[in-house]
Amino acid sequence: MKKNLIVGQSGGPTAVINGSLYGVVTEAMRHTEEIDEIYGMINGIEGFLNGHMMDMRSLIETNELSLLRTTPGSYLGSCRYKLPEDLNDPVYPLLFNKFTSHGIGYFFYIGGNDSMDTVSKLSRYAKKINSDIRFIGVPKTIDNDLVHTDHTPGFGRAAKYVASMVREVAIDASVYDNKKSVTIVEIMGRHAGWLTAASALARKYDGDNPRLIYLPETAFDQEAFLTKVQEMLETTPNLVVCISEGIHDKNGTFVCELAGDIGTDTFGHK
């Protein structure tokens, strides 16, 4: 029996997130024996809750589907909607009733870490109620740390950007050679250091900046860091240091937490 497919986008728009959307839709159209209608959620799971959907097959007639491969931004619109932690929340049966009414058998969600959180919760609820709907998370841009992912569509470009940006910072820092300075560049990556590690591409020779790079995969020791900085300043008076936003101590406490008062985003991240 054929079932319908629905796909949505979530989180920040990027230059390549529509490439993933194009991939989902074009692959779905090759499986005509299993998939009937192909729907798009307007503004993610939040828009779907409000009944906002579109027919993705309609893009073929206008040639818009092929244009998605090179169109930046989120074609379907986005959202930052956090599903409740409690799977007994009434929003879950509401969502699944909507899935059933639209004959949904396959749910694809394109996004980063928080979007995968949505996929995880829906998948766990489906298991709880013995639903046979399949929930699939699709990498958005630079999520190389997702299980079974070889590489994501925007990582190469993002790595190049990081390297170029850090190179420019290093050149600026080298102008002031009459006194010692330390420039710290914070790069995104709460639990994965792929992008911060890419800052090494800014080096042109052994001993070039950035001299120090800190990733969230290893514990950060503040005293060891300060000692290393003093040591590096002896040979590199204009020191550049690159750190991931998620660096933490051996107890797993984020460095940002050591400063005292901290804030959290809408998903509870410090």
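Note that these values count all heavy atoms, side chains included, but never hydrogens, waters or copies made by symmetry. Just so it is clear, the model here is predicted, and its values are computed rather than measured. Along the sequence shown, the residues carry numbers beginning at 1.
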Heavy-atom distance under 4.5 Å between the side chains of Ile6 and Phe108, does that happen here?
-> no
Enumerate the residue pairs fulfilling ring-ring contact (aromatic ring centres under 6.0 Å, His included) with a member in residues 207-253, sequence neighbours excluded, ordered by first and then second residue.
-> Tyr214-Phe220, Tyr214-Phe225, Phe220-Phe225
Inter- and intrachain pairs under ring-ring contact (aromatic ring centres under 6.0 Å, His included), touching residues 20-61, at least two apart = Phe48-Phe99
State which residues pass side-chain contact (heavy atoms from CB on, under 4.5 Å) with Asp206; sequence neighbours excluded, sorted by chain then number.
-> none
Atom pair CG (Leu68) and CG (Leu59), whose distance is rounded to the nearest 0.5 Å | 6.0 Å
So salt bridge (Lys or Arg N to Asp or Glu O under 4.0 Å) across residues 158-172, not counting sequence neighbours, yields Arg167-Asp208
Going by atom types alone, do Asn63 and Ser66 pair a side-chain donor with an acceptor below 3.5 Å?
-> yes
The remaining residues in the hydrophobic cluster of Val16, counting side-chain heavy-atom contacts under 4.5 Å among Ile, Leu, Val, Met, Phe, Trp and Tyr, are none
Measure the spacing between CG of Leu122 and OH of Tyr92 and express it to the nearest 0.5 Å.
-> 6.5 Å
Roughly how far, to the nearest 0.5 Å, is the OG atom of Ser181 from the CG atom of Leu233?
-> 8.0 Å
Flag the pair Ile142 / Trp194 as yes when at least one side-chain heavy-atom distance between them is below 4.5 Å, and no otherwise.
-> no
For Glu231, what residues pass the salt bridge (Lys or Arg N to Asp or Glu O under 4.0 Å) criterion, not counting sequence neighbours?
-> Lys228
State yes or no: are the ring centers of Phe107 and Tyr109 separated by less than 6.0 Å?
-> yes
Output the distance between atom CG (Leu95) and atom CG (Leu83), rounded to the nearest 0.5 Å.
-> 6.5 Å
Value rounded to 0.5 Å, distance of CE in Met54 from CD1 in Ile38 | 11.5 Å
Salt bridge (Lys or Arg N to Asp or Glu O under 4.0 Å) pairs, two or more places apart, involving residues 18-36 = Glu27-Arg30
Leu212 side, atom CG; Ile184 side, atom CD1 - distance, nearest 0.5 Å | 9.5 Å
Side chain to side chain, Thr183 and Leu239, heavy atoms closer than 4.5 Å | no
Who pairs with Asp55 by side-chain contact (heavy atoms from CB on, under 4.5 Å), at least two apart in sequence or on another chain?
-> Glu37, Arg57, Ser58
Close side-chain approach of Tyr81 to Thr118, heavy-atom, < 4.5 Å | no
So side chain to side chain donor-acceptor pair (under 3.5 Å) across residues 124-139, not counting sequence neighbours, yields Lys3-Asp132, Asn88-Lys128, Ser120-Arg124
Report, one line per pair, each donor and acceptor closer than 3.5 Å where one atom sits in a side chain of residues 196-204; sequence neighbours left out.
residue, atom, partner, partner atom, Å
Thr196, OG1, Ser244, OG, 2.6
Ser199, OG, Thr196, O, 2.6
Arg203, NE, Pro210, O, 2.8
Arg203, NH2, Pro210, O, 2.7

For Asp249, all residues meeting side-chain contact (heavy atoms from CB on, under 4.5 Å), sequence neighbours excluded = Asn251, Thr253, Leu258
Do Leu76 and Asn43 pass the side chain to side chain contact (heavy atoms under 4.5 Å, CB included) test, and can you show the C-alpha distance, the side-chain angles, and the key distance before you say yes or no?
-> CA-CA 6 Å; Leu76 290 173; Asn43 296 117; over 6 Å; no
Min side-chain heavy-atom separation Leu65-Leu67 under 4.5 Å = no
Results of salt bridge (Lys or Arg N to Asp or Glu O under 4.0 Å) for Glu234 - residues two or more places apart only | Lys180
